[in-house]
Every structure is written in structure tokens, then in C-alpha cells.
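Structure record follows, encoded as C-alpha cells.
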Amino acid sequence: VHGEMVTIPKWVRNSEYAELTFPRTKPLAMLGLGRSIGTGPDGIEGPVIVVETFEELEERAARNETQNKIIVFNQQCDWQAQPIGCYRATNKFRTGGASAAAKAGGVAALIRSLASFSIDSPHTGTMVYE
């Protein structure tokens, strides 16, 4: 039996914040998702478009409404009716939202919390880039 040296990449959480800048300034409760790419020292600022589904994102992209926008996924689910099913149904936005936003021409993606009752309760996890 012997040991071998291996390199294991890891994602490190650094300083992070999001802020509404118009029509008023307001800090937003947020957590970066695991494996997310940083924005650099200047961050990202731009107009926002809100969608509830990937299908809506694709439709709006076809109408050139998503180019150079920050895409906010405001996915909806009835947590009282299906508490476990909602997590499964909304998790796809966390794992695939950034790639879908990029394909639609977006510059960033924000995902509504997967917590059951509040968009002001950050809920982290991991994401996947295609």
C-alpha cells in the first residue's frame, strides 16, 4: 500500500455582494453558487430582465430582449402543495441558469432562492456550466 499525491481543485468563497442601483439603492441578500465565476474587481452592472421559466427566456431571447442583460430567474412553485417536488422543479435554474442566460446573450444570472418562502433568504448550492 502506498499514497499518491493528487491535485484536487476547489472553489473558494470570497467577498460577494449584489445591489439594486435603480430606481433606488438597496443591498440584496445573496450567496454565490459553488463553481460560479467571479465578476472581477469592477463587478457587473446593467439592465435586468426577469423570467420565470427557461421557455420564457428562450422566447424573449428570440425577440432580442435578453442581449447584454442580467437575467433574473424568478421561478415559481407552490411549496405547500408539493414541498419536495418544488425543490426538484426549481433546482434546474440553480444548476443551469448561468449557462441558459449566457446562451441567451445575458451577462449574468441571478437565481431566486430555493428556500420555501422568502426571496430574502439566500440559499446556496452548486451550478454547472455547459
Side-chain angles (χ1 to χ4, degrees):
V1 175
H2 70 279
E4 294 184 26
M5 296 297 296
V6 296
T7 300
I8 300 174
K10 66 178 182 176
W11 180 84
V12 177
R13 183 177 302 284
N14 286 314
S15 172
E16 55 194 5
Y17 69 94
E19 180 178 56
L20 178 70
T21 59
F22 184 82
R24 65 185 184 284
T25 301
K26 179 181 179 353
L28 301 175
M30 62 82 64
L31 287 172
L33 296 175
R35 297 188 188 159
S36 58
I37 297 171
T39 61
D42 296 328
I44 295 174
E45 186 173 340
V48 171
I49 188 166
V50 180
V51 298
E52 292 186 10
T53 66
F54 287 137
E55 294 77 19
E56 180 185 359
L57 176 64
E58 291 170 6
E59 290 168 7
R60 296 184 77 176
R63 295 192 304 263
N64 295 318
E65 297 177 14
T66 56
Q67 195 69 31
N68 298 314
K69 302 272 183 15
I70 297 169
I71 310 298
V72 177
F73 290 95
N74 186 27
Q75 67 279 4
Q76 304 295 311
C77 196
D78 185 348
W79 284 90
Q80 290 183 331
Q82 53 175 343
I84 295 172
C86 277
Y87 191 85
R88 191 175 307 117
T90 58
N91 184 51
K92 64 185 177 187
F93 297 99
R94 180 177 68 195
T95 57
S99 289
K103 286 178 185 175
V107 296
L110 295 174
I111 317 305
R112 179 183 175 153
S113 175
L114 301 189
S116 59
F117 64 90
S118 173
I119 197 166
D120 202 36
S121 299
H123 179 97
T124 193
T126 193
M127 57 175 296
V128 177
Y129 289 107
E130 292 179 18

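Residue numbers start at 1 and run along the sequence shown.
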Report the distance from atom [atom1] of [X] to atom [atom2] of [Y], rounding to the nearest 0.5 Å.
X	Y	atom1	atom2	result
N64	T66	CG	OG1	7.5 Å
L110	L33	CG	CG	9.5 Å
I111	M30	CD1	CE	11.0 Å
F93	I71	CZ	CD1	13.0 Å
R112	Q75	CZ	CD	6.5 Å
C77	E52	SG	CD	11.5 Å

**OP:** Could you walk me through whether V51 and F73 pass side-chain contact (heavy atoms from CB on, under 4.5 Å), step by step?
**Re:** CA-CA 5 Å; V51 298; F73 290 95; 3.7 Å; yes
Shortest non-hydrogen separation from [X] to [Y] and the atoms involved:
X	Y	value
G32	E16	N-OE1, 3.0 Å
I70	E45	CD1-C, 4.4 Å
K92	F54	O-CZ, 3.5 Å
A109	A101	CB-CB, 3.9 Å

Original post:
So with a 6.0 Å cut-off around CZ of R63, is the heavy-atom count from everything else above 12?
Top reply: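 Yes.
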Original post:
Backbone N or O of H2 within a donor-acceptor pair of the E4 side chain at under 3.5 Å?
Top reply: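 Not at all, since once roles are kept as given, no pair shorter than 3.5 Å links the two residues.
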**OP:** Taking E130 for its side chain and S99 for its backbone only, find out whether a donor-acceptor pair lies under 3.5 Å.
**Re:** no
Answer yes if [X] and [Y] sit in the same cluster of Ile, Leu, Val, Met, Phe, Trp and Tyr residues linked by side chain heavy atoms under 4.5 Å apart, and no otherwise.
X	Y	result
F22	I49	no
L57	Y129	yes
V48	V107	yes

Original post:
Do E58 and T53 have side chains that get closer than 4.5 Å, going by heavy atoms?
Top reply: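 No, too far: nothing below the 4.5 Å cut-off.
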